[in-house]
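Okay, structure first, notes after.
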Amino acid sequence: MLLKDLEVEGLIVPKNASNTQQFQDHRNIFDAMDIQLSTPTRGKRSAGSKIAASLDKPVDWPVRMSKGGPRAGLYEFCKKLQWPAPNFDCAKVEQSVPTPQGQGFTFASTIKLHIPNSDVISLTGDCFADKKSAMDSAALLMLYELQQRGRLQVQEIHVS
């Protein structure tokens, strides 16, 4: 009975409906929920390229400065512009003098970002005792490089 009620309300599509009817019913459901569906069109730019094309001025981009924040901020920025995700490569760096933690090594992370229809940026962050901090350092460096190139304006958010 519940399924029948949902069908009557137009919130589900009956199994025996034609493909055209199912598509139209799904559109009506999304319209009722105020969600826009994009219809694929040939020869037109994707939403990501429209966003990229509309970036005449740098976008204010909030970046949490806590652990994981710079990586998350960079991933979100790349996702919004439909760019490929950046690649990280962590390497163990031997130290001549042991750290206070007793380790004789730290980690350095190199990040590569391919900007479509442009170039590949490769940067190496600072050395840290753990890989995630090294990756955050490289991601923050990349965000500032993108700021230097006029793609975004980093807004540092310090959480205590």
Side-chain angles (χ1 to χ4, degrees), residues 10-12 23 25-160:
L11 297 176
I12 62 169
F23 180 75
D25 287 348
H26 279 97
R27 274 206 173 277
N28 293 340
I29 291 168
F30 286 115
D31 288 344
M33 295 169 61
D34 198 27
I35 297 174
Q36 293 182 356
L37 291 177
S38 61
T39 307
T41 55
R42 295 180 186 205
K44 294 203 175 183
R45 295 189 304 196
S46 67
S49 62
K50 287 179 188 174
I51 293 169
S54 68
L55 287 178
D56 294 335
K57 62 179 187 147
V59 176
D60 288 341
W61 198 257
V63 177
R64 288 181 331 216
M65 299 309 290
S66 58
K67 192 175 237 181
R71 280 178 286 147
L74 181 59
Y75 280 124
E76 290 285 323
F77 185 74
C78 291
K79 183 178 177 181
K80 181 172 182 145
L81 294 180
Q82 295 182 348
W83 289 358
N87 294 320
F88 290 91
D89 182 36
C90 282
K92 190 185 288 190
V93 178
E94 297 291 329
Q95 293 183 323
S96 57
V97 179
T99 62
Q101 295 86 2
Q103 294 176 291
F105 61 89
T106 57
F107 293 97
S109 183
T110 300
I111 183 172
K112 286 186 181 179
L113 176 64
H114 177 259
I115 300 175
N117 302 322
S118 187
D119 55 356
V120 176
I121 305 171
S122 182
L123 303 167
T124 301
D126 295 329
C127 292
F128 281 89
D130 64 306
K131 288 182 181 181
K132 289 184 179 181
S133 294
M135 291 168 62
D136 281 341
S137 171
L140 190 59
L141 200 58
M142 182 64 72
L143 287 165
Y144 281 117
E145 177 64 24
L146 292 171
Q147 177 175 295
Q148 188 76 19
R149 293 178 181 218
R151 301 285 185 155
L152 58 85
Q153 180 65 43
V154 175
Q155 304 293 316
E156 291 185 6
I157 299 173
H158 295 276
V159 182
S160 40

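Given the structure is predicted, the values throughout are model-derived calculations rather than measurements. These numbers come from the heavy atoms of this one structure, side chains and all, not from hydrogens, waters or symmetry mates.
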State, yes or no, whether a side-chain contact exists between Phe107 and Cys127 at a heavy-atom distance under 4.5 Å.
-> no

Spacing of Ser109 atom OG and Met142 atom CE [to the nearest 0.5 Å] = 10.0 Å

Taking salt bridge (charged side-chain N to carboxylate O under 4.0 Å, His left out) as the test, write out the residues that go with Lys92, two or more places apart.
-> none

Answer yes or no: is there a side-chain heavy-atom contact under 4.5 Å between Pro84 and Cys78?
-> no

Evaluation steps, side chain to side chain contact (heavy atoms under 4.5 Å, CB included), between Leu113 and Asn87 = CA-CA 7 Å; Leu113 176 64; Asn87 294 320; over 6 Å; no

Listed partners of Thr124 passing side chain to side chain donor-acceptor pair (under 3.5 Å), at least two apart = Thr110

Beyond-backbone contact of Phe77 with Leu152, side-chain heavy atoms, under 4.5 angstrom | yes

Donor-acceptor under 3.5 Å (Gln147 side chain, Gln153 main chain) = no

Nearest-0.5 Å distance that lies between atom CE in Met135 and atom SG in Cys90 = 5.5 Å

Side chain to side chain donor-acceptor pair (under 3.5 Å) against Ser137, all qualifying residues, sequence neighbours excluded = none

Lys67 and Asp130 ion-paired at < 4.0 Å = yes

Who pairs with Ala139 by side-chain contact (heavy atoms from CB on, under 4.5 Å), at least two apart in sequence or on another chain?
-> Pro70, Arg71, Leu74, Phe88

Taking only residues two or more places apart in sequence, or in another chain, which ones meet Tyr144 in a side chain to side chain donor-acceptor pair (under 3.5 Å)?
-> Glu156

Can you find a pair of side-chain heavy atoms, one from Leu141 and one from Ile111, that are under 4.5 Å apart?
-> no

Would you check if the side chain of Trp61 reaches a backbone N or O of Gly73 as a donor-acceptor pair within less than 3.5 Å?
-> yes

Do Met65 and Leu140 come close enough that some side-chain heavy atom pair is under 4.5 Å?
-> yes

Looking at side-chain heavy atoms only, is the closest gap between Val63 and Gln155 below 4.5 Å?
-> no

Any pair counted as salt bridge (Lys or Arg N to Asp or Glu O under 4.0 Å), so long as it reaches residues 107-129, sequence neighbours left out = Asp119-Arg149

